[in-house]
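Take a look at the structure below.
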Amino acid sequence: MTVDQDAADGSAARRQGMREGWYPCPSGQPQLRYWTGSAWTDQVRPDLVSWVHGDRLLDVPGVFAFGRTEGDGDGGRPGPLPPHVWRRARLALILLVPIYVGLLLPLGYGLSYIGLPAVPQLTVLIVVVACGVYGRWHIVLRWLYLRYRPEPPKPAPVPKPRPDLWADLRAAGYMDAAQRLDEEVATGELTDVDYVRVARVVQRTVRQNGPQQLAPIATAIQEKGGGAFLHPSGQRDLPMPRLVQHDLVTGQARLGIAAETDRNPATHQREWFALDTEVLRTSMLVVGPPGAGKTRSFARPIIELLGLQTLVGLASVVVIDPTGSAFDARQLPDFFDVDIDPNVPAGPNSWGFDLFGGASGPEEAADRLAGAVLPPDSAVRDPAVDSAARNTLYSIISGFTERNGRYPRLRELIDDVLAHSPVPLLNERLRLLDRPQLIDLFDGRTRKFSMRDIDRPLRVRIALPEGSSPQAARILARLAIAQFVQVVAAPEANREVFKGLVVDEAGRFVDEYVVQGLQRARAANAGIVLLTQSLAQFPEHLRSAVFTATGCKAVFAGVEPADARYFADYWGTAWSAETTVTTGSSTTTSTGHVSSPGSSGRFGRGEKSVVQSLTGSSSTQYQRSVATRAVERYVWSPSDIINEVPVGHALISLATPDGIRTPPVLVNLRA
């Protein structure tokens, strides 16, 4: 900044009543910079106000909105040139020297020989102009200038008066409450979670009941400041560092950056790629081999996103952890409000699991339990046995409920089934749950989680005992998923709270009821994220239904060919121009005979050489034909998905509940 600019900015600031102090940084970063009254200094600090009122542009799904404005993205610079323009320009550049040496240079010598002056500069000019016109260099040069022109330095603007974060409180006359929050903003004590949570409560109260009902809200704020209306955990932020950047105003989590490739849509190129609960409402399928980064690049950011939304009162999340170690306390310390782990011995702080949580009656309870206990394909392989097992389970549960006024415990249910069930399949499958750690999980723990509890903001982890009881672990997972679907689809469910379910290694746990839940989730303000190593892990009769029922898709490098074909067919084909170039030559002798390199027979290549030797003269014509036609090709072919998705990248397509879909975007998840 120059001295004259400083003086001008200082006088303008004084006219606006601006004095020395902390103001939003003119660079646009979410921080404060110190203004001396006449010039900016290098002193900066985080600024909540700049973040809240920062630029945001929500135009297409999947693009991180924070920091973007209308006209951003390329800064007014043109997009990539078409490949055929580059090819033509390069060809003209390559031909420049041969044309000069092979044609015009001998012409100059000829002019000198007959006594006319030769002008080398004119020769060069003629060649350059001719090649430039053919290669359309003027288009390329103009594009290069517009694309890479230096940006003129912009003077730092004079800071504007800072907007009021708590205008609703002040308008209603609660100055002390607003002042308490302003003090916490000034000291940096107020977090982005605090702001969104408190502002949401204030705005919802004004919207629903009017500003006259803000008295108890203002009292709580005046007493506790940013700690008012806390989540029951008492946390004002995540208990561990955030893995990715989050914007709680838009509810987005930034996953990576869209690769700069012509295959990406222009709306996403070089933009930060993000997810939010709006796209998660259509559910998501993530496919990638072991070690591809599904857990770190997708599961962890989504869990963080829903965890933050839980702390501000907008969401609840259930995480199925098959290995028991992907999301445990070592990875996410103190993150979950309810941690259900059969592998951990029972204690005063351990959680149990309600066998019939979410069921509104014996029929529902029996149906959900049967869906979890019986094999996923039992209804397809043997419908009669499947129906008999479900009817038997219903009669036992309903009879017990009538006699005792409650649902049976797991131990009681197993004993009743083994004593009265005529269906061997049901007996065998239910005995898989007859394990000490599962009996303790369902019957022995004081605190017990019921899936209906996710109607309020809650973070839940369910670990599976796959190491000791793999079959029982699958039953437990299917039971939890079925209960989740049951709760979100219930008419009395709280639709104001988004309910998210993240299932790792999901292929082993999906049945028909879960597929139905995928289709109903978006209308119930819920979403299911299924992560799997391969689509082959899903039951064959459900594979296609799972794929089509999830609106968002992601595929990592190294997937199986069969999986690649699923994604290629889903993303479809597009028309593109294919150019075919045919070259050839023909030779004409002085006798009028015409032959070509492709001629054959008695008067073929041999005759051509004889005629030339007798006449001593011939002429050769070279032919080049260019044909362009429209062809239909995969947007991303199976081969492209297998071979052209780099390590650390993923192909992602998104969908919104109102039907908007994005083309597949190649995203660098390590950016």
Side-chain angles (χ1 to χ4, degrees), residues 30 46-54 56 58 64-66 165-169 177-178 180-181 184-185 188-208 214 216-218 220-221 223-254 274-281 300-319 332 334-338 453-460 493-502 525-527:
D47 177 32
L48 184 70
V49 179
S50 296
W51 168 74
V52 172
H53 296 282
R56 289 175 177 84
L58 278 170
F64 195 59
F66 181 74
L165 294 180
W166 319 108
D168 289 331
L169 288 173
R180 171 70 187 272
L181 294 173
E184 292 194 6
V185 171
E189 184 181 353
L190 197 78
T191 68
D192 56 348
V193 176
D194 293 332
Y195 167 76
V196 174
R197 186 186 63 252
V198 174
R200 171 179 166 269
V201 172
V202 172
Q203 293 167 6
R204 184 181 59 181
T205 303
V206 171
R207 184 175 63 254
Q208 294 179 351
L214 280 176
I217 305 298
I221 293 174
E223 292 176 356
K224 301 179 181 179
F229 323 115
L230 278 180
H231 183 265
S233 66
Q235 296 175 358
R236 298 177 65 172
D237 202 346
L238 294 182
M240 73 286 181
R242 302 179 187 182
L243 185 65
V244 299
Q245 181 180 349
H246 296 264
D247 181 23
L248 292 181
V249 171
T250 57
Q252 290 182 309
R254 200 176 76 179
L275 294 178
D276 55 36
T277 54
E278 187 67 9
V279 298
L280 291 180
R281 279 178 57 191
R300 174 72 181 270
I302 290 173
I303 292 171
E304 278 189 5
L305 166 65
L306 296 179
L308 288 168
Q309 294 294 304
T310 298
L311 293 181
V312 301
L314 293 174
S316 59
V317 57
V318 178
V319 178
L332 299 172
D334 299 322
F335 181 87
F336 293 101
D337 308 308
V338 176
D453 295 339
I454 63 172
D455 263 348
R456 57 184 175 85
L458 197 65
R459 298 166 296 179
V460 183
N494 182 6
R495 299 287 191 267
E496 293 185 0
V497 175
F498 176 86
K499 302 171 186 64
L501 175 67
V502 180
N525 195 23

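The shortest side-chain heavy-atom distance between Leu332 and Met240 falls under the 4.5 Å cut-off. With contacts defined as side-chain heavy-atom distances shorter than 4.5 Å, the pair Phe229/Lys224 does not qualify. Using a 4.5 Å cut-off on side-chain heavy atoms (C-beta onward), His231 and Asp337 make contact. Here the side chains of Ile302 and Leu306 are in contact, with some heavy-atom distance below 4.5 Å. Proximity of Val202 to Trp166: side-chain heavy atoms (C-beta onward) are nowhere separated by under 4.5 Å. In this structure, Ile454 and Val318 have side chains that are in contact, with non-hydrogen atoms separated by less than 4.5 Å.
Here the closest heavy-atom approach between residue Pro239 and residue Asp334 is recorded as CG-O, 3.3 Å. Counting all heavy atoms, side chain and backbone alike, Leu181 lies closest to Gly226 at CD2-N, 3.9 Å. Across Ala228 and Ala220, no two heavy atoms sit closer than the pair CB-O, 3.9 Å. The minimum heavy-atom distance linking Ala253 with Val244 is given by the pair CB-CG2, 4.3 Å.
A search for side-chain contact (heavy atoms from CB on, under 4.5 Å) contacts involving Val49 returns Asp47, His53, Arg162, Pro163, Leu165, Val185, not counting sequence neighbours. By the side-chain contact (heavy atoms from CB on, under 4.5 Å) test, Ala177 pairs with Leu169, Tyr174, Ala218, Ile221, sequence neighbours left out. In terms of the ring-ring contact (aromatic ring centres under 6.0 Å, His included) criterion, Phe335 has no residue partners (sequence neighbours excluded). With sequence neighbours excluded, the residues satisfying side-chain contact (heavy atoms from CB on, under 4.5 Å) with Asp453 are Phe449, Ser450, Arg456, Leu458. By the side chain to side chain donor-acceptor pair (under 3.5 Å) test, Glu496 is found to be paired with no residue, residues two or more places apart in sequence or in another chain being considered. Every salt bridge (charged side-chain N to carboxylate O under 4.0 Å, His left out) that Glu189 has, sequence neighbours left out, goes to Arg236. Gln252 pairs by the side chain to side chain donor-acceptor pair (under 3.5 Å) definition with Thr250, not counting sequence neighbours.
Atom CD1 of Ile217 and atom OG1 of Thr205 lie 4.0 Å apart (nearest 0.5 Å). Note that OG1 of Thr310 is 9.0 Å distant from CG of Leu305, once rounded to the nearest 0.5 Å. Note: Tyr195 OH to Glu184 CD = 14.5 Å, rounded to the nearest 0.5 Å.
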| request: Output, in order, the C-alpha distance, side-chain angles, deciding distance and verdict of side chain to side chain contact (heavy atoms under 4.5 Å, CB included) for Val249 and Phe66. | output: CA-CA 9 Å; Val249 171; Phe66 181 74; over 6 Å; no

| task | Show your working on side chain to side chain contact (heavy atoms under 4.5 Å, CB included) between Asn525 and Lys499 and close with a plain yes or no. | result | CA-CA 7 Å; Asn525 195 23; Lys499 302 171 186 64; over 6 Å; no

| task | Test side chain to side chain contact (heavy atoms under 4.5 Å, CB included) on Ser316 and Gln309 and set out the steps. | result | CA-CA 8 Å; Ser316 59; Gln309 294 294 304; over 6 Å; no

| field | Leu248 and Trp51: CA distance, side-chain angles, deciding distance, side chain to side chain contact (heavy atoms under 4.5 Å, CB included) verdict | value | CA-CA 10 Å; Leu248 292 181; Trp51 168 74; 4.1 Å; yes

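For residues 302-314, the pairs satisfying salt bridge (charged side-chain N to carboxylate O under 4.0 Å, His left out) are Arg300-Glu304, with sequence neighbours left out. Residue pairs meeting the salt bridge (charged side-chain N to carboxylate O under 4.0 Å, His left out) criterion with at least one member in residues 239-251, sequence neighbours excluded: Arg56-Asp247, Asp192-Arg242, Asp237-Arg242. The salt bridge (charged side-chain N to carboxylate O under 4.0 Å, His left out) analysis of residues 195-207, with sequence neighbours excluded, yields the pairs Asp194-Arg197.
Without hydrogens or angle criteria, Gln245 side chain to Arg254 main chain gives no donor-acceptor distance under 3.5 Å. The closest donor-acceptor contact from the side chain of Asp455 to the backbone of Asn494 lies under 3.5 Å.
For the side-chain contact (heavy atoms from CB on, under 4.5 Å) criterion with Leu308, the lone passing option out of Val196, Leu238, Leu314 is Leu238.
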